[in-house]
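A short write-up of the structure that comes next.
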There are 2 protein chains.
Amino acid sequence: MIAAWDRSPASPVDPLVHRVETLAAPPPDLVAALRGLTLRDEPVNARAELSGAPRLVAAGWGARHCILADGRRQILSFVLPGDLVAFDPHRAPLRYAATVSLTAMIVADAAPLLDLETEAAGRDAPIARVLRTLAGAEEALLAHQVTRLGRQTAYERMAHLLLELHERLCIAGVEQGDGFTLPVTQEVLADSLGLSIVHTNRTIQQLRRDGLVRMAGTRVTLVEPARLAALADYIPLARMLGRP
Amino acid sequence: MIAAWDRSPASPVDPLVHRVETLAAPPPDLVAALRGLTLRDEPVNARAELSGAPRLVAAGWGARHCILADGRRQILSFVLPGDLVAFDPHRAPLRYAATVSLTAMIVADAAPLLDLETEAAGRDAPIARVLRTLAGAEEALLAHQVTRLGRQTAYERMAHLLLELHERLCIAGVEQGDGFTLPVTQEVLADSLGLSIVHTNRTIQQLRRDGLVRMAGTRVTLVEPARLAALADYIPLARMLGRP
DNA sequence: CGACCAATTGACCTTTCTCAAATTGGGTGG
DNA sequence: CCACCCAATTTGAGAAAGGTCAATTGGTCG
C-alpha cells in the first residue's frame with residue numbers, strides 16, 4: 001500500500017484536466033497538451049486575497065464574495081480545484097467583489113494556458129471549445145446560486161449546496177464516492193446560503209436527523225443522494241450543460 | 001410638437017451604442033461602425049421564448065429564469081434594451097434556464113455584430129474590448145442579484161432593484177431623469193426578488209409611504225435616489241466596472 | 001490549565017409567507 | 001355610454017421560517 005505522501009505529486013493541471021475530460025469530451029491531443037504544460041505553482045495562505053494575474057486552482061478552497069457596508073457578507077461562488085480565476089487578463093476584475101482563499105491553497109500561473117488558447121487562434125479550436133464549456137459551468141453555478149437563494153428553503157438550500165459541492169469535487173477528480181471533505185466552517189456555509197450561522201447549524205442537524213447526510217469533523221457523507229437531489233430539485237451541472 | 005410615432009424610428013443598435021459610449025469609452029470609429037450596422041429586427045410577443053440565434057434587444061423587457069419542479073420561479077436577470085442574448089453561437093444555452101419576453105419586444109439579429117468581432121481578430125481590438133466590458137456588466141448584475149437575495153431585506157432588495165433597473169435603462173439611453181417606466185407586474189418583481197407577491201406589494205407601499213419612490217401605473221419615480229442608494233447599499237454598475 | 005474558536009442549544013422576536021377576501025383599473029361587447 | 005370581466009393590486013389575519021441574543025459545550029493548541 002502506498003501512503004498519500006508517497007505518491008508522485010499531482011500536477012497542478014490535474015483537476016482541470018479531469019473537469020475537461022468529464023464535461024467537454026476533448027480530443028486526446030488536447031488532453032495531452034494540457035498534461036504537458038508545466039505550470040509554476042505557489043502556496044497561498046488561508047484568508048488571503050487572490051488578485052491580479054490569471055490563475056488555475058490546483059488545491060484548496062476559495063470564494064468570491066461581496067461585503068456590504070455594515071459587514072454582511074455574501075459568497076457569490078466557491079472557488080475549487082480546477083477553477084480558473086481572473087483568467088482573462090484583458091478584463092478588469094469587478095470592484096467590490098473579491099476573491100479570497102478560505103483554506104490554504106495551491107494556485108498555478110495560468111499564463112501558459114492562455115498562450116495555448118492564443119496560439120490556437122480561432123473560435124473552433126478545441127481549446128477554445130473547452131474554455132467555453134468551463135465558462136458555461138460557471139454560468140450554471142451562478143444560476144444554481146440565484147435559484148437557491150431566491151426560491152428555496154434553508155433545508156433545500158443546504159441539500160442543494162452539498163450536492164453541488166460534491167459534484168464539483170468529483171468532476172475535478174478531487175473526491176470520489178459518496179462523500180467529500182468540507183474544509184470550511186458553518187459560518188462560511190451560512191455566508192453562501194444567505195442564512196444565519198445558528199440556522200445553518202440547525203438545518204444541518206435536521207438533514208442529519210433525517211438520515212440524509214452524515215457529517216463528522218470535516219467529512220461529509222451523502223447517505224441518500226437520490227433523496228437529497230429530489231428534495232432540493234438538484235440539476236447536475238453535466239445535465240445543465242446539455243449532456244442528456 | 002412631434003408625436004412619438006412621427007419621429008424617425010430609432011435604430012436597433014441605439015441602446016447598445018449608448019451603453020457602449022457610457023461604459024467603455026470606445027474609439028469614435030468603432031462607434032461609427034456600430035451605428036453603420038443595419039440589423040434585421042423583428043417584433044416578439046410578450047410571454048414568448050427567446051431562443052436560438054444571437055440577438056440584440058432593441059426594445060422591450062425580457063428575463064432569464066429557472067423554474068423549479070413545483071412551479072416556483074426565480075428570475076436570474078432582466079433582459080433590457082442594449083442587452084445581447086445568446087451572443088456566442090458556439091456556446092450552447094444552459095438547459096433548465098430559459099430566456100423569455102415579459103413584454104412585447106423588438107429584437108435584432110446580432111450576427112453582423114459577431115462578424116465585426118470576427119473580422120477584427122485579436123483580443124485587443126476595440127470591438128473585443130467593448131464586448132468584454134458588456135460581459136463585465138453582466139457579471140456585475142449577477143453579483144448584485146446574488147447579494148440582494150442572500151443578504152438583504154425585502155425593503156433593501158426592492159430599493160436596490162429599482163435603482164439598478166433605472167441605472168440600466170439610463171445607460172441604454174432608454175430613459176433619463178429620475179424615473180422610468182416599469183412595464184411588468186408585481187409578480188414579476190417578486191420572482192426576481194425572491195419574495196411573495198403579497199410581500200412585494202407591501203414593500204412597495206412602505207417605500208412609497210417613506211417618500212422614497214412614487215409609483216403610479218407603470219411609472220416609477222425615484223424621489224430620493226441618494227437615500228435609496230444609501231439604504232440599499234447600491235453600487236452603480238459604472239463603479240463596479242472600475243470607473244472611479 | 002487557560003485561551004480560543006467552532007459547534008450547539010434555548011428562548012424569544014421579526015420577517016416573510018399563506019390563505020382568503022376585497023378592491024381597483026382598464027378593456028370590451030352590447 | 002354602460003355593465004361586465006379579468007387581471008392586478010391591495011388588505012387582513014394567522015402561521016411558519018428564519019434571525020438575534022446569550023449561554024454552554026467540545027476540541028485544539030500553546
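First the proteins, then the strands, lettered A, B, ... as listed; each starts at 1. Excluded from the calculations below are hydrogen atoms, water molecules and symmetry mates; all remaining heavy atoms, backbone and side chain alike, are included.
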Could you give the CD1-to-C1' distance, from I197(A) to dG18(D), as a whole number of Å?
14 Å
Once you measure the plane-to-plane angle for H144(A) and H160(A), does it fall in the parallel (<30°), tilted (30-60°) or perpendicular (>60°) bin?
perpendicular
Just to be sure I understand the rule, does G194(A) reach a base, reach only the sugar-phosphate, or reach nothing, if contact means heavy atoms closer than 4.0 Å?
sugar-phosphate
Before giving the answer on side-chain contact (heavy atoms from CB on, under 4.5 Å), spell out for H65(A) and V100(A) the whole-Å C-alpha distance, their side-chain angles and the decisive distance to 0.1 Å.
CA-CA 8 Å; H65(A) 67 193; V100(A) 300; 4.0 Å; yes
What is the distance from CD of E187(A) to P of dT20(D), rounded to the nearest Å?
13 Å
Neighbour count >12 (heavy atoms, 6.0 Å) for atom CD, E138(A):
no
Along DNA chain C (nearest heavy atom to each residue), the more 5'-positioned of R202(A) and R151(A):
R202(A)
Students often get this wrong, so: under 4.0 angstrom with heavy atoms, is S196(A) touching a base, only sugar-phosphate, or nothing?
base
From C-beta outward on H199(B), which listed nucleotide comes closest to its side chain: dT8(C), dG19(D), dC17(C)?
dC17(C)
Between the side chains of R219(B) and T181(B), does any donor sit under 3.5 Å from an acceptor?
yes
Let me know the distance between CE of M215(B) and P of dA8(D), rounded to the nearest Å.
15 Å
Hey, does the side chain of N201(A) come within less than 4.0 Å of dA7(C)'s phosphate (OP1/OP2), counting only N and O?
no
Please report the distance, rounded to the nearest Å, between CD in Q152(B) and P in dG18(D).
19 Å
Take the protein atom CG of L193(B) and the nucleotide atom P of dT15(C), then report the distance between them rounded to whole Å.
17 Å
Residue closer to the 5' end of DNA chain C, T203(B) versus V198(B) (nearest nucleotide)
T203(B)
Spacing of L189(A) atom CG relative to dA6(C) atom P, expressed in whole Å:
13 Å
Which part of the nucleic acid does R208(A) contact within heavy-atom distance under 4.0 Å: base, sugar-phosphate only, or nothing?
sugar-phosphate
If you check every side-chain atom of Q205(B), which of dT10(D), dT9(D), dA7(C) has the closest atom?
dT10(D)
Can you confirm whether more than 12 heavy atoms, excluding those of N45(B), are under 6.0 Å from its CG atom?
no
Atom-pair distance (CG on L195(A); C1' on dT15(C)), nearest Å:
14 Å
How long is the line joining CD of Q186(B) and C1' of dT11(D), in whole Å?
13 Å
